[in-house]
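These notes are about the structure you will find just below.
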Protein chains: 2
Amino acid sequence: MTKYVYDFNEGNKDLKDLLGGKGANLSEMTNLGLPVPPGFVITTEACNVYLREGEQPQELADEVSQHLDALETEMGKRLGQPDDPLLVSVRSGAKFSMPGMMDTVLNIGLNDESVGGLAKQAGNDRFAWDSYRRLIQMFGKTVMGVDGEHFDDVFDDAKKAKGTTNDLDLDETDLQQIVESYKDVVRKHTGRDFPTEPREQLDLAVRAVFDSWNGDRAKLYRRQERIPADLGTAVNICTMVFGNLGADSGTGVAFTRDPGSGDQGVYGDYLQNAQGEDVVAGIRNTVPLADLEGIDKPAYDELMGIMSKLESHYQDLCDIEFTIERNKLWMLQTRVGKRTAGAAFKIAIQLVDEGLIDMDEALNRVNGAQLAQRMFPKFDEDADKKQIAKGVNASPGAAVGKVVFDSVVAGEWAARGEDVILVRRETNPDDLPGMIAAKGILTSRGGKTSHAAVVARGMGKTCVSGADDLEVDVKGKKVTTKDGTTISEGDVLSIDGTSGAVYLGEVPVTPSPVVRYFEGTIKADADPLVAAVDRLITHADSKRRLAVRANADTPEDAERARRFGAQGIGLCRTEHMFLGDRRKHVERLILAEGEEEQKKALEALLPLQREDFIGIFTAMDGLPVTVRLIDPPLHEFLPDLTELTSRIAVAEATDETVSDTDRKLLEAVRRLHEQNPMLGLRGVRLGLVIPGLFALQVRAIAEACAELRKQGKDPKPEIMVPLVGAVQELEVVKEEAEGILAAVAEESGQSVHTLIGTMIEVPRAALTAGQIAEAAEFFSFGTNDLTQMGWGFSRDDVEGAFFSRYIDLGIFGVSPFETLDAEGIGRLVQIATEEGRQTRRDLKIGVCGEHGGDPESVHFFHKVGLDYVSCSPFRVPVARLEAGRAAIETEGSDSR
Amino acid sequence: MTKYVYDFNEGNKDLKDLLGGKGANLSEMTNLGLPVPPGFVITTEACNVYLREGEQPQELADEVSQHLDALETEMGKRLGQPDDPLLVSVRSGAKFSMPGMMDTVLNIGLNDESVGGLAKQAGNDRFAWDSYRRLIQMFGKTVMGVDGEHFDDVFDDAKKAKGTTNDLDLDETDLQQIVESYKDVVRKHTGRDFPTEPREQLDLAVRAVFDSWNGDRAKLYRRQERIPADLGTAVNICTMVFGNLGADSGTGVAFTRDPGSGDQGVYGDYLQNAQGEDVVAGIRNTVPLADLEGIDKPAYDELMGIMSKLESHYQDLCDIEFTIERNKLWMLQTRVGKRTAGAAFKIAIQLVDEGLIDMDEALNRVNGAQLAQRMFPKFDEDADKKQIAKGVNASPGAAVGKVVFDSVVAGEWAARGEDVILVRRETNPDDLPGMIAAKGILTSRGGKTSHAAVVARGMGKTCVSGADDLEVDVKGKKVTTKDGTTISEGDVLSIDGTSGAVYLGEVPVTPSPVVRYFEGTIKADADPLVAAVDRLITHADSKRRLAVRANADTPEDAERARRFGAQGIGLCRTEHMFLGDRRKHVERLILAEGEEEQKKALEALLPLQREDFIGIFTAMDGLPVTVRLIDPPLHEFLPDLTELTSRIAVAEATDETVSDTDRKLLEAVRRLHEQNPMLGLRGVRLGLVIPGLFALQVRAIAEACAELRKQGKDPKPEIMVPLVGAVQELEVVKEEAEGILAAVAEESGQSVHTLIGTMIEVPRAALTAGQIAEAAEFFSFGTNDLTQMGWGFSRDDVEGAFFSRYIDLGIFGVSPFETLDAEGIGRLVQIATEEGRQTRRDLKIGVCGEHGGDPESVHFFHKVGLDYVSCSPFRVPVARLEAGRAAIETEGSDSR
């Protein structure tokens with residue numbers, strides 16, 4: 001028979017699936033002999049049966065009775081016993097902490113009779129009635145579904161009648177009155193009485209916890225976080241202890257080391273004569289944990305011992321909640337504690353040096369997101385700063401600029417070289433140009449999933465959202481702070497997207513020491529954080545199976561990438577090589593009448609392209625460089641249709657002369673205009689339609705290669721054909737390219753061997769990868785386009801238009817452009833990898849979309865078995881770290 | 001040991017894989033005891049070994065020797081025997097007839113000595129030297145790779161020297177001289193002598209046939225037709241017989257019944273004293289086959305007997321090549337003959353009535369493309385017509401209109417209601433607007449894969465391409481015919497896209513009797529073709545497993561579809577319901593400031609929408625109607641950005657006042673403007689972002705349904721959510737829709753039950769179909785969008801821009817918008833079907849893209865196991881026929 005209830009001493013920390021996180025840790029502490037108030041856990045399985053069947057299994061009621069009997073026997077009193085009641089708390093506790101689940105109900109077991117027993121036992125009438133009042137309020141709200149405002153109204157009225165605003169001014173008589181009124185509230189809004197039978201209170205609370213698993217907020221959160229709906233929640237039933245019985249009681253939180261810096265020491269807060277919720281309510285100020293030594297030395301000493309024991313046991317920083325009831329210490333919760341990004345690295349290495357964990361485990365304790373966070377520039381900590389608000393840390397970084405309130409001004413000021421911060425109440429798609437122009441974005445409304453937040457993260461732009469202390473008046477072009485300071489257009493603000501802080505004026509920015517270390521300007525031992533990063537990334541390098549390359553289009557970027565540890569270039573785009581001064585050749589190519597003209601335009605480009613490649617191959621001497629042949633539609637090199645049409649129409653209407661070139665240009669722009677350029681004549685299609693275009697590029701690559709070989713260098717180009725959807729396309733291009741390579745080899749007498757491969761970025765390419773691998777010597781997944789085409793949306797158009805709405809609705813947990821959508825797009829990656837290798841065993845496979853630098857996506861690419869990831873130079877260390885972590889993770893699962 | 005060579009009497013017609021089509025049929029005739037000149041076939045396997053190894057297997061040479069010995073023994077003379085040479089022909093013969101393969105080489109075995117023997121045996125010197133001359137010419141060209149022009153030059157010079165233009169004026173001395181000159185040509189251009197050793201001639205010719213399998217044109221053709229590259233070709237070696245030995249000899253072609261009408265009788269042509277190639281060259285006119293009876297009664301009677309035997313044996317119309325050598329009839333080839341679309345139907349039914357085949361086989365003999373062809377209107381056959389040119393039948397139909405030469409005029413004239421024919425030398429993407437405006441397109445250059453042809457077929461527009469008798473002068477705006485007639489802009493032409501004919505003036509168009517039959521205006525017995533179609537489509541209906549629905553948006557279309565046999569509406573688009581007068585409500589919706597305004601705009605639309613649905617549900621009473629919720633981006637309902645920007649800019653520049661509405665409109669158009677509307681805010685995304693939009697539609701459907709039920713009707717709506725990529729999207733919409741359905745059911749007291757399902761048109765939807773089926777009650781594949789997104793190209797942008805180039809390069813055999821790309825996009829269909837049904841066993845699955853009416857695609861959908869296809873009303877009969885054929889095909893393969 002299934003066992004639905006576990007006493008705390010029957011569980012352990014590894015049973016999170018069954019007992020939830022809270023229950024598993026309470027069990028673990030109980031087994032360690034720590035002072036945990038006795039109690040038991042109802043399993044997630046019981047929850048699932050209840051949700052499936054619509055009622056609690058009979059066995060559950062029986063088991064609860066047994067465990068309750070045992071608890072009553074142990075405590076020497078019965079639940080709600082009138083003269084000396086056993087009281088319990090009921091708390092939800094799923095495997096993952098989930099917002100929207102039912103909160104705690106304390107003091108179960110109190111009723112009109114037992115409140116007297118509690119008063120007598122505690123010697124404190126006010127305490128007993130206050131406890132009863134709290135029970136009805138919590139129970140009414142969370143179990144019986146009464147709107148909390150009705151209770152608040154009663155409470156506020158009572159204080160008003162008393163002429164006070166302080167809860168503590170209410171005495172036991174007031175509280176008795178309130179209890180009666182609360183009962184009325186329950187009766188009025190639910191049509192039934194507050195249940196006074198203790199066991200009924202308990203059963204109803206348990207059922208409410210179960211039901212809350214399917215509450216709207218919980219469902220939304222699960223949809224966003226892709227938490228399976230059938231995990232269910234456990235329920236913790238725990239004997240009440242009270243920190244509010246007087247000066248010899250209290251409650252506190254503690255960390256086993258500093259979660260901000262990782263330093264060892266005593267960290268936490270204590271509040272005398274209080275319950276946990278009073279700490280949250282902030283009625284009185286807490287004292288530093290160290291002060292507890294002076295207040296209650298024995299309890300303090302015991303707590304220190306327990307903390308040390310817990311840290312050794314969990315081999316990690318723990319955070320702890322405790323209560324002292326009349327000088328007796330009780331442990332109410334422990335878990336592995338959250339920490340800042342920097343602390344994570346330092347703690348991991350400290351634990352290694354203390355012999356608690358090994359390097360693999362240390363690597364497991366940090367992640368790429370934390371590393372990335374420490375690579376952003378930060379505001380100078382020592383600088384004078386005037387913080388005027390704090391919002392949500394929506395997109396990390398440190399941005400300084402002049403305040404602007406609309407896209408037009410943002411664009412104009414940015415165009416003349418000024419740094420601007422776009423300030424709005426909230427943003428919408430109209431603000432996109434302004435967001436692009438700005439260094440940072442600040443809004444007074446909205447959280448992490450607001451339009452501003454989602455778009456800014458997509459752009460990699462600093463953003464603080466929901467700074468609700470600021471009143472933003474867009475029409476009046478001013479911001480008013482809480483203390484009445486007014487900030488006008490043009491005033492300077494500094495915003496910290498990593499912390500959410502907003503500062504008045506310019507705060508100096510300091511570069512990240514981690515970046516300086518990668519850049520080679522400081523040594524690893526310059527800083528404890530850098531030293532930790534150095535050791536962990538070195539370990540990751542020794543473990544990882546994925547190579548890490550960078551996306552870089554210029555020699556400067558290539559050199560930087562190399563310093564950051566890139567083992568090659570995975571994506572060298574060539575389109576920028578057709579811009580600037582060279583635009584005129586492209587225009588000539590497009591306007592050419594006849595092949596002769598076209599040829600001349602291409603020939604003019606050849607020496608320029610050759611120099612481009614000589615630069616990049618030199619910077620990456622000895623390492624592979626994947627050159628992508630030109631990809632975007634030609635019209636991107638021409639003026640905008642609307643702008644040009646409008647200009648010519650105006651010129652005509654005002655009898656100005658319109659130049660012949662302008663007319664020709666308009667004709668070409670019209671001819672090349674596409675409804676959906678993303679789905680138009682670009683990539684390999686362009687190469688097949690414009691004779692000589694790809695040939696020019698291949699020749700430039702081959703000649704650069706030959707030239708460098710003559711100089712004794714070792715260039716390693718790989719030619720990548722973009723947007724292939726069918727093997728036939730690649731075959732045609734490859735045949736021509738091989739002819740050119742052979743010709744250049746003969747002309748130069750140098751080997752110009754290069755692999756020829758393709759991007760897999762069109763869904764059909766992935767679906768026919770087995771065929772494509774017959775021609776392709778390597779694959780590189782273009783996961784951006786694969787995401788765009790696989791989902792059928794273009795990033796430019798939709799990210800600002802509806803992603804925040806989609807995240808709010810729980811359709812995405814995160815933008816699929818940020819983290820690869822493993823279920824959908826990832827399936828294409830998997831199909832193509834498997835079937836490509838079936839055709840060609842030694843097929844080299846990498847990824848060069850932005851996902852290559854995203855931590856979660858790197859794990860996916862490792863699992864699927866790619867050979868490398870390629871990402872922006874800045875992301876290379878992140879990818880190295882995560883590739884190492886992914887390798888360790890797989891080792892772990894292999895040995896299972 | 002593999003057997004590489006088969007005597008004709010060792011093979012049979014079922015060995016096409018091994019012996020090729022020609023060899024298999026020659027064998028079959030030999031086995032039937034028909035007079036086939038003795039010979040043998042080298043197998044496709046030998047070809048493949050040669051192509052793989054680079055040389056012919058030794059066993060092959062040995063086997064050829066054995067079979068040649070046997071042949072020589074049988075014929076009583078050796079290959080090239082000086083005094084009486086055995087001569088043979090060498091012909092390629094792959095499984096499928098393939099352009100670009102090596103042509104025939106005749107007269108192998110002739111050399112300087114045996115030419116004398118042949119002359120003596122034939123008693124005809126000129127014949128012998130002409131045969132020798134032909135050998136060197138054919139061999140030089142096809143085996144030794146000499147450009148044919150060099151031989152032509154020699155021949156033309158000889159005729160010039162003789163002062164004639166007629167080949168027959170050259171006598172044996174002239175031909176001897178030509179033989180010598182031909183040998184010089186070979187020596188000069190190949191550096192080696194023409195091989196005079198008979199066996200060497202034979203071996204080289206065989207090798208040349210093998211090599212031609214990998215010729216450029218053959219490879220291109222295979223790429224286009226998706227013929228596997230490893231089939232290889234067989235080689236037929238056959239004793240020469242001569243139709244040019246005098247008046248008692250001749251050559252001809254024959255059909256066992258009229259390939260144009262299907263009528264029984266004697267059809268064919270005969271040419272006395274000639275070889276097959278002379279018929280092709282058209283030097284003399286052939287006589288009707290019936291005349292052979294007067295020329296050579298015994299041979300004629302024998303031929304009639306053979307033809308009857310062949311038809312019974314092949315149970316089909318056969319076409320035949322034969323030669324009479326000195327009154328002796330020889331059969332050189334037979335195969336199942338090509339026929340016109342109309343004849344195909346009539347012949348199939350005739351054969352059934354003659355007891356030769358059953359109805360299943362008859363259905364197998366016709367196809368949907370033929371049926372479609374007979375559904376186009378045709379020019380009145382009895383009308384006076386002046387044909388002025390004949391081009392390629394590039395896209396079927398009959399179009400009449402005024403000649404225009406450019407897009408601008410085409411657009412203007414069409415806008416004022418005139419029918420126009422766009423005439424160009426060839427078309428390019430600039431001509432697209434003109435092609436859209438025109439009723440038909442006529443070009444003087446280009447074939448079936450030209451830009452004009454590909455685009456016109458895509459548009460379903462009549463097109464004749466490559467009418468090279470016409471000289472098109474676009475600048476001068478005139479066309480000149482071969483006989484000097486000039487056609488100017490505005491003159492009327494009639495073009496027949498089914499035959500390629502071009503007529504001067506207006507030719508009356510008669511509607512297709514097949515369509516009139518489906519429309520119910522004539523009975524099945526009105527016409528033999530209609531009677532045949534009726535019987536075959538009735539049989540198809542009894543066999544097919546796929547249901548056939550139609551895509552229809554109005555009651556009129558729905559009624560028509562029903563008459564054409566549609567079993568429901570598979571796609572009722574709703575966007576047109578927001579156009580016309582209703583556009584103002586949509587503008588109001590878009591320009592609305594605040595939800596109240598939006599709500600009002602939607603409320604105004606509700607009664608209109610309800611009426612729309614009442615109309616359609618009434619027309620389809622009792623049959624399912626799948627209503628797609630609004631799909632396109634909102635900005636499609638607004639003016640064009642470029643046009644509006646330009647207009648306002650001009651107004652401003654000329655100091656005209658710009659209305660407030662225009663300004664607001666411009667703002668909205670700018671805000672809604674998307675780079676790639678196809679990949680933008682549309683479909684379900686729009687429904688999730690604009691509150692109330694989908695709700696309005698669902699309510700209109702439900703209310704229409706309730707209203708009709710009250711009237712005792714049986715509406716069967718199915719609600720289809722477009723562009724779903726993730727199950728979560730559908731869940732959110734479904735939850736809202738179910739709420740509305742329940743509300744309307746309660747308000748009206750009527751059941752408004754409807755299935756709720758989704759289009760599968762985004763690749764990700766197909767890849768996660770197992771999840772989506774948890775919410776979807778049906779799937780309908782939108783194969784247009786699936787093709788666009790799966791290949792990553794938008795039809796509007798690319799079909800005209802590069803499809804003809806792609807077809808020329810062999811990247812496509814046919815546009816993937818015409819026939820479903822089974823390998824790529826079809827795989828998505830398959831994955832989604834399988835995984836959708838794994839989740840929901842009774843999931844109803846159909847397709848509503850245009851592929852639903854494409855014959856080849858229908859077979860694919862049948863095989864994958866869909867429940868129905870839906871296509872335009874006009875295509876419904878085609879789909880019915882093909883669905884029946886597909887069912888029979890599967891039965892066949894099941895029983896195998």
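Computed from a predicted structure; not experimentally measured. Letters go in sequence order (proteins before strands), and every chain restarts at 1.
- Side-chain polar atoms of B/Gln728 and A/Tyr806 form no donor-acceptor pair below 3.5 angstrom.
- Contact detail for B/Ser646 and A/Thr645: the closest heavy-atom pair is OG-O, 3.9 Å.
- Within the 3.5 Å criterion, the main-chain N or O of B/Val689 finds no donor-acceptor partner in the side chain of A/Arg805.
- The structure places CZ of A/Phe793 at 12.5 Å from CD of B/Glu674, a figure rounded to the nearest 0.5 Å.
- Summarising the geometry of B/Gly790 relative to A/Val762, their closest heavy-atom pair is O-CG1, 3.1 Å, with the distance given to 0.1 Å.
- To the nearest 0.5 Å, the span separating CE on B/Met678 from CG on A/Asp797 amounts to 12.0 Å.
- In summary, the side chains of B/Thr642 and A/Thr642 do present a donor paired with an acceptor at a separation below 3.5 Å, with no hydrogens or angles considered.
- Counting heavy atoms from C-beta on, the side chains of A/Ile811 and B/Leu688 come closer than 4.5 Å.
- Taking both residues in full, the closest heavy atoms of A/Gln675 and B/Pro677 are given as O-CD, 3.2 Å, listed atom of the first, atom of the second, then distance.
- Around atom CD of A/Glu667, no more than 12 heavy atoms belonging to other residues, nucleotides or ligands sit under 6.0 Å away.
- Interface remark: A/Gln771 contributes side-chain atoms only to the contact with chain B (heavy atom separation under 4.5 Å).
- The minimum heavy-atom distance between B/Asn676 and A/Ser794, with the atom names listed, is ND2-OG, 3.7 Å.
- Only the side chain of B/Val798 comes within contact range of chain A, with at least one heavy atom under 4.5 Å from a heavy atom of that chain.
- Across all their heavy atoms, B/Gly792 and A/Met789 have their closest contact at CA-SD, 3.6 Å.
- Ion pair B/Lys219/A/Glu735 not flagged as a salt bridge, since none of the NZ, NE, NH1 or NH2 atoms sits closer than 4.0 Å to an Asp/Glu carboxylate oxygen.
- In this structure, B/Trp791 CH2 and A/Leu767 CG are separated by 11.0 Å, a value rounded to the nearest 0.5 Å.
- In this structure, the side chains of A/Arg764 and B/Arg827 stay at 4.5 Å or more apart for every pair of heavy atoms.
- At a 4.5 Å heavy-atom cutoff, the contact between B/Ile831 and chain A is made by side-chain atoms alone.
- Both the backbone and the side chain of B/Arg685 come within less than 4.5 Å of a heavy atom in chain A.
- For B/Val724, no part sits under 4.5 Å from any heavy atom of chain A, backbone or side chain.
- Of all the listed residues (A/Ile825, A/Leu828, A/Leu723), the one sharing the greatest number of non-hydrogen pairs under 4.5 Å with chain B is A/Leu828.
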